[in-house]
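First comes the structure, then the notes that go with it.
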Amino acid sequence: MKVHLQELVKAALHDLVSAGVFDLALPESIAIDRTRDASHGDFACNIAMVLARAARCKPRDLAEKVVAHLPKSDRVEKVEIAGPGFINFTLTPAAYHSVVGDIVEAGEAYGRSDIGAGKRVQVEFVSANPTGPLHVGHGRGAAYGATVADLLAAVGFQVHREYYVNDAGRQMDILATSVWLRYLELAGETLTFPINGYKGDYIWDIAADLHCGHGDSYRHATADVFNAIPADEPAGGDKEDHIDALIMQAKKLLGEEGYLTFFDRALDVILSDIRQDLEEFGVVYEEWYPERSLVSSGKVDAAIAQLKKSGHVYEQEGALWFRSTDYGDEKDRVVVRDNGIKTYFASDIAYHWHKLNRGFDRVIDIWGADHHGYVPRVKAALTAMGDKEDADRLDVLLVQFAILYRGGQKAQMSTRSGEFVTLRELRDEVGNDAARFFYVMRKCEQHMDFDLDLAKSQSNDNPLYYIQYAHARVCSVLRQMDEKGLSYDQGSGLKSLNLLEESHEQALLRTLSRYPEVVEAAALNHEPHQLVHYLREAANDFHTYYNAHQFLVDDGALRDARLTLIRAARQVIYNGLGLLGVSAPESM
RNA sequence: GCCCCCGUAGCUCAGCAGGAUAGAGCGUCCCCCUCCUAAGGGGAAGGCCACACGUUCGAAUCGUGUCGGGGGCACCA
C-alpha cells in the first residue's frame, strides 16, 4: 500500500518537474507514514514540507499542485491537505477488504516476506559458560535471541543459530576441581572448600554420580591434596592463587586421564542440562560450537599469527599484547600471558575471525550488557586482521539485566553463591509462554523488572492472557456456531466483505493490514517488543469489536463476512504469537 | 576518571531513520451481560516528555552540556 502511494506521489512530482512548474531534483525516497489520528486519513505524506524550500514555494501551495497531478487510483477514496502541508490519503474500504483475502490465502505465511533475500545471518546467543545451570539472566538472552532469529527467518533471511561453548579455559578447570573436591568429601575426606569453587547443589550431584561409578579410586588424602597449597582468602591468602594451586594439584594427583574423567563428566552433565533446558524453552540451535575444537584445530594459533602479521602486536614483560589503541580502544590488551597461557580474548578473536570467514553475510552476537566494554576490542582485532568491512559485518546486541521481583523482593542470581534463581525454576513457576513473552516485552536495552506475580496472574493485568484470550474467543465463537447449527462459507464471506461497514470493523481491518510492516520492522530493528505491542493492539481491536457487535447473526452473508474477518484476526494473532514462541490456546 | 544503557501520567512502559491536540496497561472514579467465555467493553481524571542550550519551517525524537538511576572498566573467564 505504501509503495502504491509512493508511486502516485512520484508520478505527480515527475509531471510537475517535466512540465517545468518546478525546477528541482526528484527526491530519492518519498516518506509515506501511517497517521496517528484517524481524522488525518490512513496515510500521510510530508513531501511538500520537505521540498518547499528547494521549490521556493509555500508547503501548502506545493501540496495542492502535487494533489492536482496525482494519478487516479481505485484504492484511494480521498486526498486532503492538512496542517502545515501534509497530504493525507484516505483509502477506500475495498482497499482494506483485500487484506482479509490476503490473510486467508497466505494463512500461516501471512506476514512473512523475502526482503532478507536469502542472505545468511548467524545469530549467536546465550553461550553461557557450561559451569552451571542457566539462570534468569541467561533466560532473557535466550528468549530475545530466539525471537530475533525467528523474526529474521520470517522475513527471508537464512538464519544460523549458534551457541558458543566455552569448554576450555580456567573456569572449566575450577569446575572440574570443584567436583573432585566434593567427591573427596563424599569419599570421607574432611576439607575446607575453596571460596572460589562452585558450590551449587549440582556439583554434589555430579560428584555423587562419579563416586557411585568409580568408588574411591580417585581418592587422595586431604593432607596430600592441600600439601603446599597457598592459603585461601578467609585464611588470609589470595583466593585466585589458592584455586589455581588446587587445579594444578588435581591435575598432578589424578593424572591426565583421571582429571579428564572429572572434567568431561562435569561438562557433559551441565551442557546436556543446558541444552535440555533451552529445548524445553523452545530455543533450538543449528550448531553448538565448542571452544576446544577451536584450540585443538589450531585456529587460535592461526588467529594470533594473523594478528602478528598485521603488525599491531608487540611483546612486553614476557606477554604478547595487541595494540588495540591503534583502533581507538582505551588501552592495549594481552593476548598471551607471561606464563604462556592464551587469554580468553585470544580465543574470542579466533572465534570471531573464523565466524566471519564462514560465509555469513551478517553476524549477530547477543551479549549481556556487562560485556559492552568488550565490543571495541573484538572489533579492533577483527579490523586489524582483515579489513574494516569484515568487522562491520558483526553486530553486537547488548541485553540489559532482568531483575526478578517476587512480592517486591529482589531475587539473587549469582552463579557462585549457589542461591540463584535458575531459568528452569522460572519456567516451572510462570510457564514457558509467560517467560518467553515477558522477556521480550521490553526492548533489550531497557533494564527489566520481571514481575513474577504478574506473569503468573490469570487476569486482565496480564497482557499475555489478554492476547491469548482474543485467540481463544474466536475459537469459541466458531464452536458456538457449530452448536447452534449455523453454517459458514468462506467463499461467500470473502465476496461479502463490502458488508463490513462498522467503524470497529474498519479499525480491525486497518490493524490487520499493518501486521506485515510490524514483523518487518521488528525483524530489521531486532525489536521483538514491537510485535508484542502490536498484538496487544490487535487483541484490543478484536475485543472491542466483540463487545460491540454480534458475529453469529441471522443474515447469512453478513455472518460469513464477519466470521471471515475474525478468522483472519485469529490467524494474525496465531502467527504473531508463534513468532514470539508463545502458544495460541483454543480455549481458556 | 573513562565507556555503555536508561530518565515520558501515581506505578510499569510504548512512541525516538523529526512532523499535525504526547499513547497503552495497571491503579483511582463512573457505566455496560434475558446477548458468541465480564480472563471482556465504554468513559473520566491524571504529563513544563529530568533540566539547559543548539540544529530545523517543525524536537519527547537529532547534537552538546548538566543532574539523577543502573551496569562495565584485569597478564579473570
Side-chain angles (χ1 to χ4, degrees), chain A residues 29 31 33 35-37 39-40 44 46 49-50 52-53 58-59 82-86 88 129 131 166 168-174 196 240 244 291 316-321 329-331 333-345 347-348 368-376 398-401 403 405 441-449 451 454 457-466 468-470 472-481 483-484 486 504 525 529-530 532-534 536-537 539-540 542-553 562-563 566 587-588:
Chain A
S29 67
D33 290 311
T35 58
R36 220 182 298 173
D37 188 327
S39 71
H40 297 138
N46 66 354
M49 278 114 82
V50 174
R53 175 174 282 189
K58 284 182 188 165
F86 288 103
N88 292 337
N129 285 349
T131 52
N166 290 119
R170 181 160 172 270
Q171 291 305 320
M172 290 306 296
D173 284 323
I174 295 176
N196 234 6
E240 306 294 346
D244 280 339
E291 182 184 0
Q316 186 180 309
E317 292 165 26
L320 193 69
W321 293 73
D329 198 4
E330 54 194 21
K331 71 185 284 269
R333 309 291 172 178
V334 172
V335 177
V336 184
R337 292 204 265 159
D338 57 5
N339 59 10
I341 293 174
K342 298 173 190 83
T343 60
Y344 181 87
F345 181 45
S347 37
D348 238 15
D370 52 338
H371 286 75
H372 93 267
Y374 216 72
V375 179
L398 300 171
V399 179
Q400 294 290 335
F401 291 133
I403 300 163
Y405 284 90
M441 203 163 67
R442 305 274 172 253
K443 53 185 172 205
C444 69
E445 63 264 34
Q446 183 76 248
H447 297 124
M448 183 170 66
D449 296 336
D451 186 338
L454 178 61
S457 84
Q458 306 211 347
S459 74
N460 54 352
D461 305 3
N462 186 334
L464 171 60
Y465 278 86
Y466 185 85
Q468 288 181 319
Y469 181 42
R473 246 183 172 173
V474 176
C475 295
S476 173
V477 169
L478 297 173
R479 281 194 298 271
Q480 284 286 322
M481 181 193 76
E483 280 169 27
K484 291 184 176 174
L486 293 168
H504 293 100
N525 299 319
H529 76 274
Q530 289 193 27
V532 171
H533 287 278
Y534 168 83
R536 212 202 171 277
E537 277 176 57
N540 182 38
F542 169 75
H543 286 309
T544 306
Y545 179 36
Y546 178 96
N547 268 270
H549 299 285
Q550 195 76 10
F551 306 142
L552 299 175
V553 291
R562 287 188 171 168
L563 290 179
I566 65 168
S587 68
M588 292 171 73

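For clarity, every value in this text was computed on a predicted model and none was experimentally measured. Sequence lines set the chain letters: A, B, ... in the order given, protein chains first and strands last, and positions in each chain run from 1.
- Projected onto RNA chain B by closest heavy-atom contact, A:Ala369 and A:Gly83 fall at different nucleotides, the more 5' of which corresponds to A:Gly83.
- Taking both residues in full, the closest heavy atoms of A:Ala369 and A:Leu398 are given as CA-CB, 4.1 Å, listed atom of the first, atom of the second, then distance.
- Summarising the geometry, the separation between CZ on A:Phe542 and C1' on B:G40 is reported as 10 Å, rounded to the nearest angstrom.
- Looking only at distances, a side-chain donor or acceptor of A:Arg562 sits under 3.5 Å from a matching main-chain atom of A:Gln550.
- Applying the salt bridge (charged side-chain N to carboxylate O under 4.0 Å, His left out) rule to A:Glu240 yields the partners A:Arg170; only residues at least two apart in sequence or on another chain are considered.
- Base engagement by A:His549 is indicated by at least one non-hydrogen atom pair under 4.0 Å involving a base atom.
- In this structure, A:Leu464 atom CG and B:G25 atom C1' are separated by 14 Å, rounded to whole Å.
- In this structure, the CD atom of A:Gln480 is 7 Å from the P atom of B:C36, given to the nearest Å.
- If you check every strand for non-hydrogen atoms under 4.0 Å, A:Asn525 touches nothing.
- Side-chain atoms of A:His543 come within 3.5 Å of backbone N or O of A:Tyr466 as a donor-acceptor pair.
- When all heavy atoms of A:Ala472 and A:Ser587 are compared, the closest pair comes out as CB-CA, 3.9 Å.
- When heavy atoms are screened at a 4.0 angstrom cut-off, A:Ala539 is found touching no nucleic acid atom at all.
- Here the P atom of nucleotide B:C76 and the NZ atom of A:Lys342 are 15 Å apart, to the nearest Å.
- Taking atom NE2 of A:His543 as the reference point, atom C1' of B:A24 lies 14 Å away to the nearest angstrom.
- Regarding A:Arg536, its CZ atom lies at a distance of 9 Å from the P atom of B:G40, rounded to whole Å.
- With a cut-off of 3.5 Å on both pairing distances, B:U37 has no Watson-Crick or G-U wobble partner at all.
- Using a 4.0 Å heavy-atom criterion, one finds that A:Asp370 contacts the sugar-phosphate atoms exclusively.
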Could you list the protein-to-nucleotides 12-14 of chain B atom pairs, N/O on both sides, closer than 3.5 Å?
{"from": "B:U12", "atom 1": "O2'", "to": "A:Arg442", "atom 2": "NH2", "distance (Å)": "3.1"}
{"from": "B:C13", "atom 1": "O2'", "to": "A:Arg442", "atom 2": "NH1", "distance (Å)": "2.9"}
{"from": "B:A14", "atom 1": "OP1", "to": "A:Gln446", "atom 2": "NE2", "distance (Å)": "3.3"}
{"from": "B:A14", "atom 1": "OP2", "to": "A:Gln446", "atom 2": "NE2", "distance (Å)": "3.0"}

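- The distance between atom OH of A:Tyr546 and atom C1' of B:G40, rounded to the nearest whole Å, is 8 Å.
- When heavy atoms are screened at a 4.0 angstrom cut-off, A:Phe345 is found touching no nucleic acid atom at all.
- B:C75 is unpaired under the Watson-Crick or G-U wobble criterion, no partner having all donor-acceptor distances under 3.5 Å.
- Separating the CG atom of A:Asp33 from the P atom of B:C16 is a distance of 10 Å, rounded to the nearest angstrom.
- Dashed line: the shortest gap from a side-chain N or O of A:Arg36 to OP1 or OP2 of B:A20 is under 4.0 Å.
- Considering CD of A:Glu291 and CE of A:Met172, their distance stands at 9.5 Å, rounded to 0.5 Å.
- Partner assigned to B:C62 is B:G54, using Watson-Crick or G-U wobble distances below 3.5 angstrom.
- The base of B:C75 sits within donor-acceptor range of the side chain of A:Glu317, with an N or O pair under 3.5 Å.
- Checking A:Gly318 against A:Val477, the closest nucleotide of RNA chain B that is more toward the 5' end is the one next to A:Val477.
- Nucleic acid contact for A:Asn129: sugar-phosphate only, since backbone atoms but no base atoms lie under 4.0 Å from a heavy atom of the residue.
- Spacing of P atoms, B:U28 relative to B:U64, comes out at 43 Å, to the nearest Å.
- Nucleotides B:U37 and B:A50 are separated by 45 Å at their P atoms, to the nearest Å.
- A donor and an acceptor atom, one from each side chain of A:Gln171 and A:Thr131, are nowhere located under 3.5 Å apart.
- For the pair A:Arg337 and B:A77, the criterion of a side-chain N or O lying under 4.0 Å from OP1 or OP2 is met.
- For B:G7, the paired base is B:C67 (Watson-Crick or G-U wobble, both distances below 3.5 Å).
- If you check every strand for non-hydrogen atoms under 4.0 Å, A:Ala31 touches nothing.
- For B:A20, there is no paired base (Watson-Crick or G-U wobble, both distances below 3.5 Å).
- Among the protein residues, A:Ala548 comes within range of no part of the nucleic acid, since none of its heavy atoms lies under 4.0 Å from any strand.
- Between A:Ser476 and the phosphate of B:U37, there is a side-chain N or O to OP1/OP2 separation shorter than 4.0 Å.
- For the pair A:Met49 and A:Phe86, the tightest heavy-atom approach, listed with the atom from each and the gap, is CE-CZ, 3.6 Å.
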Protein-nucleotides 28-35 of chain B N/O pairs closer than 3.5 Å?
{"from": "B:C35", "atom 1": "O2'", "to": "A:Gln550", "atom 2": "NE2", "distance (Å)": "3.2"}

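- A cation-pi arrangement, defined by a distance under 6.0 Å to the six-membered ring centre and an angle within 45 degrees of its axis, is present between A:Arg473 and A:Tyr546.
- If you check every strand for non-hydrogen atoms under 4.0 Å, A:Thr544 touches sugar and phosphate atoms only.
- Checking side-chain atoms of A:Asn462 against main-chain N and O of A:Leu454 turns up a donor-acceptor pair under 3.5 Å.
- A:Glu483 comes within contact range of no nucleotide atom at all, as no heavy-atom separation falls under 4.0 Å.
- Dashed line: the shortest gap from a side-chain N or O of A:Tyr534 to OP1 or OP2 of B:A24 is not under 4.0 Å.
- The ring of A:Phe86 lies on top of the base of B:A20, close enough and flat enough: under 5.5 Å between centres, under 30° between planes.
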